[in-house]
Amino acid sequence: MAPKVLMVAEKPSIALAIASALSGGRMSTRRGSTEVHEFDGMFLGFPVHYKVTSVIGHVFSVDFPARFQDWNSTNPLDLFDAPIVKSESTPKAHICRHLSQEARGCGHLVLWLDCDREGENICFEVIECTGFQSTPGKKVHRARFSAVTEKDILKAMNSLVEPNKNEAQAVDARQEIDLKVGVAFTRFQTSYFNGKYGNLDSRVISYGPCQTPTLGFCVRRHLQINTFKPEKFWTLHPYIMYKGYELKLDWQRHRLFDSDVTQMFRNFVKEDGFLKVIGISEKQVSKGRPTGLNTVNLLKVASSALGFGPQLAMQLAERLYTQGFISYPRTESTAYPASFDYKGTLGALARNPVWGDYVQQLLSDGYHKPRSGTDAGDHPPITPMSSATENILGHDAWKLYQYICQHFLGTLSPDCKYTRIKIEFESGGESFYCVGQHVLVKGFTSIMPWLAVTEINIPQFTEGQKIDISRIEVDEGSTQPPDYLSESELISLMEENGIGTDASIPVHINNICERNYVQVQAGRRLVPTALGISLIRGYQLIDPDLCLPDIRSFIEHQIALVAKGQADHSLVVEHVIEQFKRKFIYFVKQIENMDALFEAEFSPLSDSGRVLSKCGKCLRYMKHIPTQPSRLYCGTCEEIYYTPPKGTIKVSHISPELYKELTCPLDNFELLIFSMPGPEGKSFPFCPYCYNNPPFEGIDNLFGASKSSGSVKLGKGAGMPCFLCPHPTCQHSMISQGVCACPECDGTLVLDPVSAPRWRLYCNMCNCLVSLPEGAHRISTTRDHCPECDSTIIEVDFNKKTTPLKDGATLHIGCILCDELLYSLVEMKHGKSFSRKARHRGRGRGRGRRGYSGRGRGGKKQHDPRMSFRDF
DNA sequence: GCAAGGTC
């Protein structure tokens, strides 16, 4: 039997490409943890049986042993000297087992991992899994390829080398440093601040040598904006009327920061009264077509032009890739490989309904060879692979795909060429100019129209010519602060400073968003939060190194020494860890400097509000902030809901019988019970959302609103409790809880749900109070109405010992006005009359309560037919 | 509950 050769790639797609290239497509494929492609061929001059499979990225990742995992019993400082362990990154995938099985019986191992440091590190992970190193007679080879093309694969196969231990160890070093530094600082900060403040809005206050400088960029811009001092400036613009054009000329000085001097120049010009043409220059300008598209540039365009965050953009790109519409989307290269099949790719797009015509033209007129770009030796630039339409891809994926196609076609199109004419004028010793532009060749801008050069028409002038000035304008302006950092700018900064990689940049940006250090606002601009600002300013006070991008370059520089074999792995790790350990000790010692900033922004655990009730939008818990103005804050939705002032607020399940439905049927918000202070203070349920946004129009009697002005204002603390809500079926609404009309005003007497054992009714508009039979277990309203007076029938569950009912019965149902027993037990507390004389079907609930109309949250026109005490 | 780096 022929000897066996195992070949391992970094991902399944590369394994497939290698096997296809080496077998000429004649291979068999079977499934496993990852696919295995098999075929026969020649290796080092001998016939062999090949098996090509892959890992899925790193096989292992580093962590601390179990005894260091407990946050409470581990001092973060000890983490610097703790051992680290490698364990399988995705245990469920059983990659290690897979490799070990496939390696059995193989005499050669060929490593086809990506040709970068990480790939070199994975080489040794694979070697470890296969057990090749420790088995004598087994040989390990490294294939070094610069592109996944047949030519490069064959070339690599003929020049196999050995894996580079130094490069692999550099990655080991980075892993250990990142782990120890990141986890130690994160645990310390989190425990310190989360143990002290209640409203930090992040479960974990993380630190990392990539994420923290990333945040640092956003905060630096914020501070620039905040400290910006605008300055006034003035510009001078003479106008001329010439050959039917009115031209506004620009000033050679552009602008001056002195009004008087500007005026002085204006007067000089005005005295002259005309402009003299002193120069005409015309030149041809070329605007170059783009180079091939790499990941970072795709992410920038996706964010700035398409509005997709990096995370989403990569998800979409990944999908387009696996569906065969685009090439591999993670690449640093902007240069196409020499072997790139432009014709084939163009051919694939030739019948696309959107740009098919353009492609055909490129094919017939001859496309241009792309500009050179840079070759990072990883993958070719991102290009389309097959034609698609919006219907196939869906809106978002289509947008991204469309851009990739346009960019690709742009790289093969001519440069854009235009002429630029500049006319220079002189007047009163000052120089002015105007510029005209005329496009000669649209080139790539016809497929990327947003980059088009605008046509600017100006009339012809002759040198020495004098033209009268029609008017002179002095424009006043002021310097503007920069805008918040756009995501696209942030990506550029990260790339320039070596923060993260094409694959991890989206993750870092996502991290600082998820931890609530920044928020993505309109135009995908990153605005830091109080938390983000406090952190960075804190580092700036204690040890600015911690949040500067140099921290990453420092680590990179140190491990580069290992990669180049100029320094020993463990010595470098030891040295770097020792430095960070010192920084950590100092940071802990100085934490009060950062804490002072937190103290100014956040509230101590004790009074910063406690988690209270669920938000109906995100279903997470909101916090109640009892300090004035009393309010609820949903950290997820970042919404504030004011609550009734001056009282206590509890979740509604304190009265389980009544509040089986704990949420508002209109918006899912958890209901709360508000109790006014004092023995006679009324209590009522309210929905935080409805209270602030009354769902039915025409509610003109809000709780807590000042009634002086006539019109009712929704303001801090004023709102609509359930007892004003006309919802037809919710058991907490006025319709359900209302018993009868108020004898004193236009209001309705509603049942106080938590008044046991001294049950009572109160008016939802005035302070009329009616006490109900005392000592009842439970009093609740029913859906029935009294046939006599239309009041709501109530159900009373008397106490066994004190029940007034015969034979010790406890349950009694009736109308408080018409039922003899109940009527004898109710008593007017505040208010003039409580009489049942002369009752008749009344006016419902009085004036001003008609005309409720739903606003799409259910409920149509409501009319409460109940009787009033008032009319007796 | 924690980092950053692969890849899906």
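Note on naming: letters A, B, ... go to the chains in the order of the sequence lines (proteins, then strands), and numbering restarts at 1 for each one. Please read all numbers here as calculations on a predicted model, not as lab measurements.
Put simply, the residue from Glu102(A), Arg30(A), His98(A) that forms a side-chain hydrogen bond (donor to acceptor under 3.5 Å, both in side chains) with Thr53(A) is His98(A).
Contacts of Asp63(A) with the nucleic acid, taken as non-hydrogen atoms under 4.0 Å apart, include base atoms. In this structure, Tyr328(A) reaches the sugar-phosphate backbone alone: every heavy-atom distance under 4.0 Å involves primed, P, OP1 or OP2 atoms, never a base. Using a 4.0 Å heavy-atom distance criterion, Phe185(A) is classed as making no nucleic acid contact. At the heavy-atom level, Pro12(A) lies under 4.0 Å from the strands shown only through sugar-phosphate atoms. Backbone-only contact: Gly500(A) has heavy atoms under 4.0 Å from sugar-phosphate atoms and none from a base. Residue Arg117(A) is classed as having no contact, given no heavy-atom separation below 4.0 Å to the nucleic acid. Heavy atoms of Arg552(A) sit under 4.0 angstrom from primed sugar atoms or phosphate atoms, though from no base atom. Here Val181(A) lies out of heavy-atom contact (under 4.0 Å) with every strand. When heavy atoms are screened at a 4.0 angstrom cut-off, Glu10(A) is found touching the sugar-phosphate backbone but no base atom. Looking at heavy-atom distances under 4.0 Å, Thr322(A) makes no contact with the nucleic acid at all. Residue contacts for Gln189(A): at a heavy-atom cut-off of 4.0 Å it reaches no nucleic acid atom on any strand shown.
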Item to complete: Starting from the C-alpha separation in whole Å, work towards a yes-or-no answer on side chain to side chain donor-acceptor pair (under 3.5 Å) for Thr331(A) and Thr295(A).
Response: CA-CA 6 Å; Thr331(A) 177; Thr295(A) 307; 5.7 Å; no
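Here the P atom of nucleotide dC2(B) and the CG atom of Asn72(A) are 15 Å apart, to the nearest Å. The CG atom of Leu546(A) sits 15 Å away from the P atom of dA3(B) (whole-angstrom rounding). Atom pair Gln323(A):CD and dC8(B):C1' shows a separation of 14 Å (rounding to whole Å applied). Straight-line distance from the CZ atom of Arg187(A) to the P atom of dA3(B): 11 Å, rounded to whole Å. The separation between Leu179(A) atom CG and dG1(B) atom P is 16 Å, rounded to whole Å. Put simply, CD on Gln311(A) is 15 Å from P on dC8(B), counting in whole angstrom units. Glu176(A) has its CD atom 16 Å from the P atom of dG5(B), to the nearest Å. Nucleotide dA4(B) holds its P atom 16 Å from the CD1 atom of Ile84(A), rounded to whole Å.
Summarising the local packing, CZ of Arg537(A) is surrounded by 12 or fewer heavy atoms from other residues, nucleotides or ligands at distances under 6.0 Å. The neighbour count for Met157(A) CE, taken as heavy atoms of other residues, nucleotides or ligands under 6.0 Å away, is above 12.
Using a 4.0 Å cut-off, some side-chain N or O of Arg515(A) falls inside it from OP1 or OP2 of dA3(B). Applying the 4.0 Å criterion to OP1 and OP2 of dT7(B), one finds that Arg330(A) has a side-chain N or O inside that range. Contact check, Ser504(A) against dA4(B): no side-chain N or O comes under 4.0 Å of OP1 or OP2. Under 4.0 angstrom from either OP1 or OP2 of dG5(B) there lies at least one side-chain N or O belonging to His508(A). Taking 4.0 angstrom as the limit, Gln175(A) places none of its side-chain polar atoms (N or O) nearer than this to OP1 or OP2 of dA3(B). One finds a side-chain N or O of Thr501(A) lying less than 4.0 angstrom from the OP1 or OP2 phosphate oxygen of dG6(B).
Checking Ser206(A) against Tyr517(A) by side-chain atom types alone, a donor-acceptor pair falls below 3.5 Å. Side-chain polar atoms of Thr529(A) and Asn516(A) form no donor-acceptor pair below 3.5 angstrom.
Among the nucleotides dG1(B), dG5(B), dC8(B), the one closest to any side-chain atom of Thr90(A) is dC8(B). When the nucleotides dG1(B), dC2(B), dT7(B) are ranked by their closest atom to the side chain of Thr190(A), dG1(B) comes out on top. In the set dC2(B), dG6(B), dA4(B), dA4(B) carries the atom at the smallest distance from any side-chain atom of Pro209(A).
For the pair Ile505(A) and Phe64(A), nearest-nucleotide mapping onto DNA chain B gives the more 5' position to Phe64(A). Positionally, the nearest nucleotide of DNA chain B for Ser191(A) lies more toward the 5' end than for the other of Ser191(A) and Ser89(A).
Considering OH of Tyr321(A) and CE of Met314(A), their distance stands at 11.0 Å, rounded to 0.5 Å.
Ring-base stacking between Trp71(A) and dG1(B) is satisfied, the centre separation being under 5.5 Å and the plane angle under 30°.
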